[in-house]
Amino acid sequence: MDFDIIFGNAARAAFGPEAVILALAAIGLNVHFGFTGLLNFGQVGFLLLGAYGTSVSVATFGWSLWVGVVVGLILSVALAVALGFPTLRLHAVMFAIVTIAAAEIIRILIGSTDAIGLTGGPLSVSFDAGAFYDLNPYPDGPHDRYGVGTFEFTGQQMWVITVGWVLVALVSLVVFLIVRSPWGRVLKSIREDEDAARSLGKNVFSYKMQALIIGGVIGGMGGVIDAIKTSGADPNGFRPQVTFFAYTALLLGGAATYLGPVLGAILFWFLREWIESFLRQLSAEAWLPGAVADFLSGSEGIISVAMVGLTLVLLMLFRPQGITGNRTEMQLDAR
Amino acid sequence: MPDDVTPRPESAPAEAEIEPILTVPPVVGAPKPNPMLVVDDLSRSFGGLRAVDVDHLEVERGVVTALIGPNGAGKTTLFNLLTGFDRADTGSWSFNGEAVVAPSPDQLARKGMIRTFQLTKSLAKLTVLDNVLLGAPSQVGERLSAALFRSRWQHQEQANTAKAEELLERFNLAHMRDDLAGTLSGGQRKLLEVARALMADPMLIMLDEPMAGVNPALAQSLMGHIAQLAFEGLTVVFIEHAMEVVTGISDWVVVLAQGRVIAEGPPWKAIHDEVVIDAYLGRRRAGAGS
């Protein structure tokens with residue numbers, strides 16, 4: 001068993017583009033759920049529109065990549081508005097149901113065979129993200145590697161994650177600035193009690209809509225990064241579990257904190273990849289009984305997701321506030 | 001304090017404020033000299049139950065009006081209708097001389113009608129100070145465009161904080177300003193809610209059982225403070241179901257039973273009204289007694 005490789009894989013996942021995407025999805029959810037109390041179960045829909053907006057603009061319409069990025073973000077705003085108008089007045093649970101349904105409807109429509117001409121349908125869509133990689137300052141020869149030991153990235157990967165983490169930092173900063181303001185105080189008051197906010201003259205619907213749009217656009221940015229990273233988009237990449245992974249990351253790190261979603265996303269990918277690599281190595285060990293090895297081999301990915309779920313359960317039991325959360329705040333819920 | 005300050009005439013303005021209401025006859029629906037609220041034909045039914053059915057009611061400006069009545073009389077429903085938290089089946093009302101059309105709670109609140117709730121709505125995961133600061137009207141920093149830049153709202157926030165601390169001081173909550181509101185006791189939450197409502201600079205404050213669960217000494221000081229505010233021009237309406245407590249602190253009493261106004265008048269008159277006693281204790285059977 002080679003723990004160097006296991007650790008290298010885990011570290012690469014923890015700081016790679018997947019973690020960036022998850023962090024952005026979780027930051028958006030934090031604005032929705034953590035600060036405003038909106039139970040959005042369709043965050044993946046925003047990522048999907050970010051990714052497909054970018055991909056389709058370039059692949060189908062032949063526009064520049066930058067136009068595509070803008071289109072992706074505009075579509076995220078459009079989804080927030082379309083979702084918000086009919087549903088933000090509803091009870092939190094209804095809102096959750098509508099969001100999860102809406103995200104699935106969009107995924108199924110985009111992935112349907114009727115949509116092949118526009119989105120590639122089930123065949124997925126791919127485009128040339130050259131405009132992005134042209135700006136890559138990292139030398140990207142076939143032997144260029146960045147990092148130490150088994151924790152290393154290629155030049156292209158370095159460029160994606162540099163842009164990605166800078167974006168995560170900027171977005172986190174903006175969220176911090178607006179949430180610590182009186183505007184953020186109104187958001188939190190809505191999370192605590194909508195009627196109290198109303199009785200003090202706050203237009204609750206308008207604030208919820210603003211939060212929905214902001215968190216949605218941040219999720220959309222995750223989708224844009226996803227599209228650029230893979231030079232395309234595939235409907236299967238936007239199944240509902242993406243939303244639940246984002247919730248897992250958010251709760252791991254601590255909801256309603258500023259760094260929680262970022263730390264949570266890093267930790268989520270580190271754990272998931274560590275367990276998967278560990279199991280993969282384990283299943284190759286000679287001393288393992290044949291039946292166990294057969295069971296393990298090929299299902300490492302599934303088992304590692306299950307283990308992350310188990311981690312979440314344990315976390316809820318022993319540290320419900322997440323890594324960075326405030327325990328006293330959590331205990332108020334029980335009163 | 002220097003001796004040469006001329007003492008403020010203490011009774012003169014009070015008489016000027018209180019006098020007009022005393023000229024009003026204690027009859028249901030009596031017009032008031034200077035009404036803040038005028039309600040006409042307001043009704044609301046829940047299924048077969050007519051929870052509120054008010055023909056005409058006026059609330060005088062600048063005085064303390066108590067809304068009393070037995071449990072289930074429709075006091076809170078009336079509050080909910082007037083503040084836009086519930087929709088009336090029929091009827092209309094005007095606030096501060098302006099007809100209320102398509103009422104929404106936040107719009108009415110911005111116009112100066114602020115209410116509190118019977119079951120307190122303290123914002124548990126906000127600090128006590130933040131709870132009160134939330135009440136501050138027209139804080140620029142509550143607009144997203146200004147929120148990003150601290151310089152745009154910091155000044156206002158400091159002024160608000162000073163005012164909020166003064167209110168907390170008055171309600172014995174100053175020492176808890178940085179605690180989360182969820183850690184307060186029930187009585188303290190009531191006080192916090194009143195402080196938050198006052199922070200909003202209301203013209204009309206509507207308190208739903210402000211004294212329930214507050215210890216008597218504190219309740220006394222709370223109502224003393226409210227009377228002082230009424231003296232300074234605030235209009236106060238509060239709900240209470242115990243008749244005794246309203247006499248000392250209210251200028252006018254409106255009695256509600258089964259959704260209807262059954263009596264109104266100065267406290268010493270209203271609560272001795274035959275109809276009111278019947279409503280509270282049940283009607284004496286005809287012929288009983290002898």
Side-chain angles (χ1 to χ4, degrees), chain A residues 31 33-37 77 89 170-171 173-215 217 254-257 321 325-335, chain B residues 79-80 83-85 104-117 119-127 129-150 152-154 156-157 160 179-183 193 196-197 199-202 206 208:
Chain A
V31 173
F33 172 72
F35 294 120
T36 322
V77 175
R89 292 179 211 276
L170 284 176
V171 165
L173 178 68
V174 169
V175 169
F176 166 72
L177 289 175
I178 59 178
V179 170
R180 64 131 193 211
S181 75
W183 183 83
R185 186 165 58 215
V186 178
L187 283 200
K188 291 182 203 161
S189 77
I190 291 170
R191 176 191 69 195
E192 297 299 307
D193 194 318
E194 277 184 47
D195 280 343
R198 262 187 209 108
S199 75
L200 294 167
K202 316 302 175 201
N203 185 338
V204 169
F205 178 79
S206 161
Y207 281 97
K208 280 182 169 178
M209 185 61 103
Q210 292 170 40
L212 187 63
I213 292 173
I214 292 169
V217 167
T257 65
Q321 71 273 37
N326 175 338
R327 191 170 183 99
T328 2
E329 275 191 22
M330 285 303 296
Q331 284 164 338
L332 291 176
D333 285 339
R335 284 168 74 108
Chain B
F79 258 36
N80 287 344
T83 52
F85 278 89
S104 84
D106 51 304
Q107 271 173 17
L108 284 168
R110 287 197 293 275
K111 285 183 177 165
M113 185 198 286
I114 300 284
R115 72 167 297 181
T116 67
F117 296 87
L119 299 170
T120 46
K121 294 187 180 295
S122 59
L123 308 163
K125 289 185 204 166
L126 267 60
T127 63
L129 181 64
D130 269 341
N131 262 269
V132 180
L133 284 174
L134 185 72
S138 51
Q139 158 63 277
V140 198
E142 287 183 1
R143 287 207 303 270
L144 187 54
S145 52
L148 202 51
F149 311 102
R150 190 177 205 153
R152 297 271 302 275
W153 46 266
Q154 196 176 20
Q156 204 180 350
E157 185 81 349
N160 288 344
D179 294 358
L180 295 176
T183 62
E193 212 180 75
R196 192 170 68 193
M199 185 75 196
D201 285 332
M206 303 180 61
D208 197 343

Interatomic distance, Ser189(A) atom OG to Arg196(B) atom CZ [nearest 0.5 angstrom]: 8.5 Å
Part of Ala181(B) within contact of chain A (heavy atom distance under 4.5 Å): neither
Under 4.5 Å from a heavy atom of chain A, the part of Leu133(B) involved: both
Phe85(B), part contacting chain A, at a heavy-atom distance under 4.5 Å: side chain
Which atom of Lys202(A) lies closest to which atom of Asp106(B), heavy atoms considered: O-CB, 3.2 Å
Verdict with supporting geometry, Leu126(B) and Arg185(A), side-chain contact (heavy atoms from CB on, under 4.5 Å): CA-CA 8 Å; Leu126(B) 267 60; Arg185(A) 186 165 58 215; 4.0 Å; yes
Winner by heavy-atom pair count (cut-off under 4.5 Å) against chain B, out of Asn203(A), Leu187(A), Leu177(A): Asn203(A)
Proximal component of Arg191(A), with respect to chain B [non-hydrogen, under 4.5 Å]: side chain
Gap separating the CD atom of Glu194(A) from the NZ atom of Lys121(B), nearest 0.5 angstrom: 10.0 Å
Contact origin within Tyr207(A) toward chain B - heavy atom pairs under 4.5 Å: side chain
Whether over 12 other heavy atoms sit under 6.0 Å from Arg180(A) CZ: yes
Region of Leu180(B) that comes under 4.5 Å of a non-hydrogen atom in chain A: side chain
Most chain A-contacting option - heavy-atom pairs closer than 4.5 Å, from Val140(B), Asp130(B), Thr120(B): Asp130(B)
Engaged part of Val174(A) at the chain B interface, taking heavy atoms whose separation is under 4.5 Å: both
All side-chain contact (heavy atoms from CB on, under 4.5 Å) counterparts of Ser181(A), not counting sequence neighbours: Trp183(A), Ala147(B), Trp153(B)
Separation between CG of Asp193(A) and NZ of Lys125(B), rounded to the nearest 0.5 Å: 13.0 Å
Steps toward side-chain contact (heavy atoms from CB on, under 4.5 Å) verdict (Leu200(A), Met199(B)): CA-CA 9 Å; Leu200(A) 294 167; Met199(B) 185 75 196; over 6 Å; no
Under 4.5 Å from a heavy atom of chain A, the part of Arg143(B) involved: backbone
Separation between CG of Leu108(B) and CZ of Arg198(A), rounded to the nearest 0.5 Å: 13.0 Å
Top of Leu144(B), Ile114(B), Thr83(B) for chain A proximity - count of heavy-atom pairs under 4.5 angstrom: Leu144(B)
